Q: 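One structure follows; several queries about it will come next.
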Amino acid sequence: NEIRMAVTTSFNNSGLSDVLLPEIKKDLNLEVRLLIVGTGQALKLGRSGDVDAILVHSKAAEEKFIEDGYGTHRREIMYNDFVVVGPKADPADVKSSISVADAFQRIRNQRAVFVSRGDDSGTQKKEVSLWKSINANPDLFQPTWYRDVGSGMGASLNTAVGLNAYILSDRASWHNFSNQSDFEILFAGDPALFNQYAFLPVNPIKHPHVQHNLALKLEEWLVSEKAQQLVGSYEIDGETLFTPNAKVQD
Amino acid sequence: MSDILDGLWQAFQLILSLDPDLLEIIFLSLRVTLTAVLIASLIGMPLGAWLAVKRFRFRRLTIAVLNALMGLPPVVVGLVVYILLSRSGPFGVFGLLFTPTAMIIAQVIIITPLIASISHQAVRDLWAEYHDLLISLNTSKWQRMGVLILDSRRSLLTAALAGFGRAIGEVGAIMIVGGNIDHVTRVLTTAIALETGKGDFALALALGFILIAIAIIVNLAIHSVSKTERASTW
Amino acid sequence: MSDILDGLWQAFQLILSLDPDLLEIIFLSLRVTLTAVLIASLIGMPLGAWLAVKRFRFRRLTIAVLNALMGLPPVVVGLVVYILLSRSGPFGVFGLLFTPTAMIIAQVIIITPLIASISHQAVRDLWAEYHDLLISLNTSKWQRMGVLILDSRRSLLTAALAGFGRAIGEVGAIMIVGGNIDHVTRVLTTAIALETGKGDFALALALGFILIAIAIIVNLAIHSVSKTERASTW
Amino acid sequence: MVSRILPLKLQKACVKKRGKTIIGPIDLEISDGGVTIIMGPNGSGKTTLLRLLHGLERIHSGAMSWKCETKEAIQRQAFVFQTPIMLRRTVFENMVFPLKLRHFSSQKAKTHAAEWLDRVNLTGAAHLNAAVLSGGEKQKLALARALAIKPEILFLDEPTANLDGTSTREIETVLRKSVQDGIKIVMATHDLGQASRLADEILFLYRGLLHDQGDAASFFKQPVTMEASAFIKGEIVE
Amino acid sequence: MVSRILPLKLQKACVKKRGKTIIGPIDLEISDGGVTIIMGPNGSGKTTLLRLLHGLERIHSGAMSWKCETKEAIQRQAFVFQTPIMLRRTVFENMVFPLKLRHFSSQKAKTHAAEWLDRVNLTGAAHLNAAVLSGGEKQKLALARALAIKPEILFLDEPTANLDGTSTREIETVLRKSVQDGIKIVMATHDLGQASRLADEILFLYRGLLHDQGDAASFFKQPVTMEASAFIKGEIVE
Ligand SMILES: Nc1ncnc2c1ncn2[C@@H]1O[C@H](COP(=O)(O)OP(=O)(O)OP(=O)(O)O)[C@@H](O)[C@H]1O
Ligand SMILES: Nc1ncnc2c1ncn2[C@@H]1O[C@H](COP(=O)(O)OP(=O)(O)OP(=O)(O)O)[C@@H](O)[C@H]1O
Ligand SMILES: [Mg+2]
Ligand SMILES: [Mg+2]
């Protein structure tokens, strides 16, 4: 009695799954098999019906997924937020910026080394949108300072640390990241940085073999009081990471 | 730097603690890889021998291609196998994706060319020595291959071990077709990749050292098994 | 399934279009790997020969370990190199991290044991044949190694090619130490991994096919180079 | 009993290696029964001729034909090489191997092998790795291995070169015996004494060409060609 | 000129392989000058003894000593194996190789090699891969290769086993010549004729033991041990 769910690296790195899965097993007697992949690959697995549901954070892509009829619907579960991480030295003085746009502006003006995931993940899509918001086009940036490392969250963080560079990360991944060395969160809190996670069951019409009912059962559980409370209370070194925001009916 | 020592230390503790999850992972790694090596040897060694004894038009080309296939990028193999086993793929119905079987398939594809090439090189030398005798005894192609494989078993061991090495350390392919699912398809290498992603280098290294230790043990074991036989060949 | 055909088709187009980014990546792949193979051969082949001619106490153990090292998990190698080269590491000052040099270092570490093992096996057989003569001619250990390496060059070719194969397809280590930085350290395999992560399997496969094509070309090239020499050995 | 495979005929047969003609053109008929001995100086092509007859060398021009189908003939031959080729196995296994190939029952093969090892007094060495045998022992083993499968025609390339007097005589006796059992023997040797002891017919090769063919007696009395006579003189011990 | 390395002495020397005693205990002194010939039936231990003297076999018990330092002596020896070992190279390269090892200038090595190939008339085969040579040609090449480096003592293991009469005589002449040049020759052979032609001293081995040692003449006239006499008789051609 098990179900396969594709999730993004950032979600898994947060460690939240280690709290939720045992509970699910207890309450629903359901084994959730997590496939930890990039956002794009997660959606791909859904499209080819190799998983029963996906949990990602990339609104545009998700809606496309629904439109194309690969998912039945999109259920928002919770959100956390992105943070700008960088060396304590903070050469571009991101600390004192008033908004994330301002922060990005400073980095760009300084041509301070910045690591971009460049893997079409939710995180990167967000990053690009932020650049766009200060009407700059990352495609035109010099590789001398704008490093497109095309890797998952963890790998990118490792690279950023190695390069002593700024990087946009989701809070969860950052807190669960052990190789922090002399890095810290330099900017956070701007609403523009909110990061919505959504649950999408794969469409049984496209892929009859998927365990849709189980997926729905799991969805119900995720939005349940208990689950939402678990999510809200999950914290690492005294900091809560996720804010549950599932609407009880949608 | 400290990470490395840390890793060693953790590896040490992990082993002593006999952490069940760890044992599960180790066991799966060995099961998958050893099976793959076995299958790949059954395919690759005869193939190598065959290439040595049989003269045909495109032989050199075939050998070159075979050598080239040693360079099959694991990720690509992983992708192809994924696509074939995927629900929307031709063999989707068997539901093999994200199972150890899928991982074995991928590894077999990766190491067979390696084993075949090394075997071919080993057998070719012995064939040069036996050629006249075996022709004179009017042996069939199969009998020749049989004798050559049997009498060059020491060199073929290296082939199998090389295959084992490549497979036990491989991550790109099995990550894709296995999915690194906890308790189902998580093996040492995928676990290492995961921990690296979390930036937990110490743990990643610990697992790495354990993997290396296992590789060494397996090799020593095989060597001492083949020892008796080896002695007699001197 | 369609992905595979799609991939072939895209590979085809990419090649025709001679996309500069692609060429850059291909060139870097070749540069890194060929350099690594060269260095690894210079270390591994003499080492293999040495293990064949020199009798010492822990020889069998050494060989077993060497074989085991063929199983060095790329990710672990990547990590160790990363730690050594990172700013906080002992060699941080050289600022080699995330440069092609770092990738070469990692690949050398990975393929040297492979090349050494295969070389050892090849040289060992020839040594059995030459042993009495070389002893009788009162050759020094170095002279023996020289002759053996020279006269078993055909078999050593297999070793080098195996190394090339392993290196050109390797991703785990160079991803960590190279960082897959666009225009700096992005090579075919890391690009493939990236596209896979993006879920663009067709493109990933396209790159994969190109990589395989390159491997085949390199092998054919080397074979035809060694052809003349080979002929004379019959 | 009359042979199913002989006579063996060569017509203008040539063997070339890299353009260079090694032997030929040779016209030759090897008929049933007795011992045919090939003589000739080093490098004259004896080994090559034997290998050609046995099908180990490709014929470049000319023709070679057995009485029967070639592939039938192949099954009824055995060859003892100038430098014995040993399987990397024990002496006993070396004996058993060809028997197994001939579908002897494992039991029968064993007894048969033991029997032959005894005939060439190698029983003591049965369990040894064939590689460690002495030069002469290897030759004896190779010979026993060849005879054990009861070929109809046996090719020998200087089979006693490394043998001491006694073994040589033993082997010669074994060979004579085999001839009586109807085995045809074609053999290359440098030992004139041996030739005169064994030969029914003698072929004299020189520079890859057949210079003399005839019955032994006449060959030694009045060799037809001067090369042959020179060769014989070269051997006489003052 | 008096030898720097001889006499070579064996005291109760034994060679064992896997517990089995192959030769020994042997007491022996090989003194300077002339040709010492080792005779004995197959498997009696001739090759093993030669290999022991040359330092290819480990001595298990007893002692072996040269006049000089062993490692100095090693540099002044050459060995021709019963089955020639050829480098997988051309005939010419096979000749040049040991000369290069002896630090001949590449030019000098070439001329010297060519010279020796001519002496064993293999000049024609110089460019061939040594593997394709005929049995006899290989033996000749091995001999030339050994003599080219002008050793002070030369070990030969049945060097003419595969040679025709003429070549044998040629080789014997070359050997006599070398002896005159002060090269000591120790050689194993089965050919009694050859022994009587060349030997100054004869060692008779039987079952790994030295049964007879003395000058050639007396050995053939009245062999001391019955094994020796039996051995000689075995050779007589009726
Ligand atoms: N591939 C080759 N290329 C050129 N010459 C070759 C080749 N193979 C053999 N030969 C030559 O052919 C000649 C015949 O060789 P073969 O072995 O038949 O002589 P043989 O009569 O057996 O001599 P021996 O009595 O020494 O055994 C030799 O001179 C040899 O050098
Ligand atoms: N490793 C070994 N184990 C057991 N017996 C061995 C080993 N090596 C050699 N022998 C035996 O030692 C004996 C002596 O061998 P050797 O080669 O010295 O004889 P030989 O006098 O040269 O004979 P030949 O005249 O045939 O060359 C042989 O009977 C051989 O079988
Ligand atoms: Mg011959
Ligand atoms: Mg001998």
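Predicted model, so just to flag it, every value in this text is computed and none were measured. Labels below follow one simple rule: chain letters A, B, ... track the order of the sequence lines, proteins then strands, and each chain is numbered from 1.
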Q: Heavy-atom pairs under 4.5 Å with chain C are the metric here; pick the option from A:Ala155, A:Gly38, A:Gly162, A:Pro143 that has the most.
A: A:Gly162
Q: Considering all heavy atoms of both residues, which atom of C:Phe98 and which atom of A:Asn158 are nearest to each other, and what is their separation?
A: CZ-O, 4.4 Å
Q: For the residue pair C:Gly179 and A:Ser151, what are the closest heavy atoms and their distance?
A: O-OG, 4.3 Å
Q: When rounded to the nearest 0.5 angstrom, what distance separates CG in C:Leu97 from CG in A:Asn164?
A: 11.5 Å
Q: Which atoms of A:Leu45 come close to chain C, meaning under 4.5 Å heavy atom to heavy atom: side chain ones, backbone ones, both, or neither?
A: neither
Q: Under 4.5 Å from any heavy atom of chain A, what part of C:Thr196 do you find: side chain, backbone, both or neither?
A: both
Q: Kindly give the heavy-atom pair with the smallest separation between C:Lys198 and A:Gly118, and that separation in Å.
A: CE-O, 3.6 Å
Q: Let's test your reading of the structure: which of A:Val161, A:Asp182, A:Leu43 forms the most heavy-atom pairs below 4.5 Å with chain C?
A: A:Val161
Q: Roughly how far, to the nearest 0.5 Å, is CG of A:Asp120 from CG of C:Asp200?
A: 8.5 Å
Q: How many angstroms lie between atom CZ of A:Arg147 and atom CG of C:Asn180, to the nearest 0.5 angstrom?
A: 12.5 Å
Q: Should we say atom NZ of A:Lys125 is surrounded by more than 12 heavy atoms from elsewhere, each under 6.0 Å from it?
A: yes
Q: Say you draw a straight line from CE of C:Met175 to OG1 of A:Thr159; how long is it, rounded to the nearest 0.5 Å?
A: 9.0 Å
Q: Out of A:Thr39, A:Leu163, A:Val37, which one racks up the most heavy-atom pairs below 4.5 Å with chain C?
A: A:Leu163
